[in-house]
Participant: 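For reference, the structure I am asking about is given below.
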Amino acid sequence: MASDEPCLIASKSAVRGQISGKQDLVVEGRVEGRIGLESHLTIEESGSVEADMDVSQVTVRGEARGDMVAARSAVLHATARVAGKIRAPEIVIEDGAKFSGTIEMEVELPAGIKAGGA
Amino acid sequence: MAKEKDTKPMANTVIGSTLVIDGEITGEESLTILGTVKGKIAVAQNLVVEAGATVEADVEAQTVTVSGRLTGNVVARERLELKPESKMVGDAKSPRIVIADGAGFKGNVDMDV
């Protein structure tokens, strides 16, 4: 079997616990716990993730709750509903996406504005 | 319908070879494991542990097909098959159990007779 077969948590399946690896993962079902990937995590419209995520890239079309850290980018599509914290150098929130929480990008602040201030 | 074979229709859960799951997997679809799973597995349909995969878990499924390594107790409601080169340690409970030539197995067998 090819090792690059796409990894999928199907829509009526659930994983509770810790997932780690180097392979792209698509979640159409439910994940609770922790996800640590050196790759791309996609949460599809039917997917629901309640986890702290530490990934290279994350794409959300479904539901997510928790702290999200993406080394490269985080994209919330129009159908996404996300609550928590997102940290990534590149964050996209599409029109229609719902998000509540904190966003942290590496932003060069203009001189005179203190970092971390409200 | 192709139900006897390792059915691979779309939308089955697949745990890839570099993935490690520590916890519990449940589902109404079939589950194919190429990576590592520790904990507990309960699926309504078929579980396939591919060659190279490692499962350390108690398992419950309709059919269980093992080509890799499985440590834990298995309940297969319909059928358990240990392919050549597979290794299983644990108790097996299923009405039909097939152990292929070359498979390694240690544990109790309960065919409910």
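Below, chains carry the letters A, B, ... as their sequence lines are ordered, and counting in each starts from 1. Scope of the values below: all heavy atoms of this structure, side chains included, with no hydrogens, waters or symmetry mates. As the structure is a prediction and not an experimental result, all values here were calculated from the model.
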Participant: So how far is it from Ile15(B) CD1 to Leu25(A) CG, rounded to the nearest 0.5 Å?
Facilitator: 7.5 Å
Participant: Please determine whether residues Val75(B) and Phe105(B) belong to a single hydrophobic cluster, defined as Ile, Leu, Val, Met, Phe, Trp and Tyr linked transitively by side-chain heavy-atom distances below 4.5 Å.
Facilitator: no
Participant: Take atom CZ of Arg87(A) as the centre, draw a 6.0 Å sphere, and report whether it contains more than 12 heavy atoms from other residues, nucleotides or ligands.
Facilitator: no
Participant: Under a 4.5 Å heavy-atom cut-off, does chain B meet the side chain of Ile35(A), its backbone, both or neither?
Facilitator: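 Neither the backbone nor the side chain of Ile35(A) comes within 4.5 Å of chain B.
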Participant: For Arg30(A), is the CZ atom crowded, meaning more than 12 foreign heavy atoms sit under 6.0 Å from it?
Facilitator: yes
Participant: How long is the straight-line distance from CD of Gln23(A) back to CG of Leu19(B), given to the nearest 0.5 Å?
Facilitator: 5.0 Å
Participant: So for atom NZ, which belongs to Lys38(B), do other residues, nucleotides or ligands contribute more than 12 heavy atoms lying within a distance under 6.0 Å?
Facilitator: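 12 or below, so no.
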Participant: Say whether Ile93(A) and Met53(A) are linked into one hydrophobic cluster, either directly or through other cluster members, by side-chain heavy-atom distances under 4.5 angstrom.
Facilitator: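 Yes, because Ile93(A) and Met53(A) connect within a single hydrophobic cluster, where side-chain heavy atoms sit under 4.5 Å apart.
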Participant: Does Glu94(A) CD have over 12 foreign heavy atoms under 6.0 Å away?
Facilitator: yes
Participant: Answer with yes or no whether the hydrophobic clustering places Val60(A) together with Val92(A); edges join I, L, V, M, F, W, Y residues whose side-chain heavy atoms lie under 4.5 Å apart.
Facilitator: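 Result: no, two separate clusters.
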Participant: With heavy-atom distances below 4.5 Å as the criterion, would you say the side chains of Ile25(B) and Ile9(A) are in contact?
Facilitator: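 They are not in side-chain contact.
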Participant: Sort Ser11(A) into side chain, backbone, both or neither according to what part of it lies under 4.5 angstrom from a heavy atom of chain B.
Facilitator: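 Interface part for Ser11(A): both.
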Participant: When clusters are formed by joining ILVMFWY residues with side-chain heavy atoms under 4.5 Å apart, either directly or through shared neighbours, do Val55(B) and Val98(B) land in the same one?
Facilitator: no
Participant: Counting only non-hydrogen atoms closer than 4.5 Å, can you tell me which residues of residues 13-21 of chain A sit against chain B?
Facilitator: Ser13(A), Ala14(A), Val15(A), Arg16(A), Gly17(A), Gln18(A), Ile19(A), Ser20(A), Gly21(A)
Participant: For chain A, find which of Thr36(B), Ile41(B), Val20(B) contributes the most heavy-atom pairs closer than 4.5 angstrom.
Facilitator: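 Option with the greatest count: Val20(B).
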Participant: Can you give me the closest heavy-atom contact between Glu29(B) and Lys12(A), atom names plus distance?
Facilitator: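 Shortest heavy-atom contact: OE2-N, 2.6 Å.
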Participant: Answer yes or no: does atom CZ of Arg77(B) have more than 12 heavy-atom neighbours from other residues, nucleotides or ligands under 6.0 Å?
Facilitator: yes
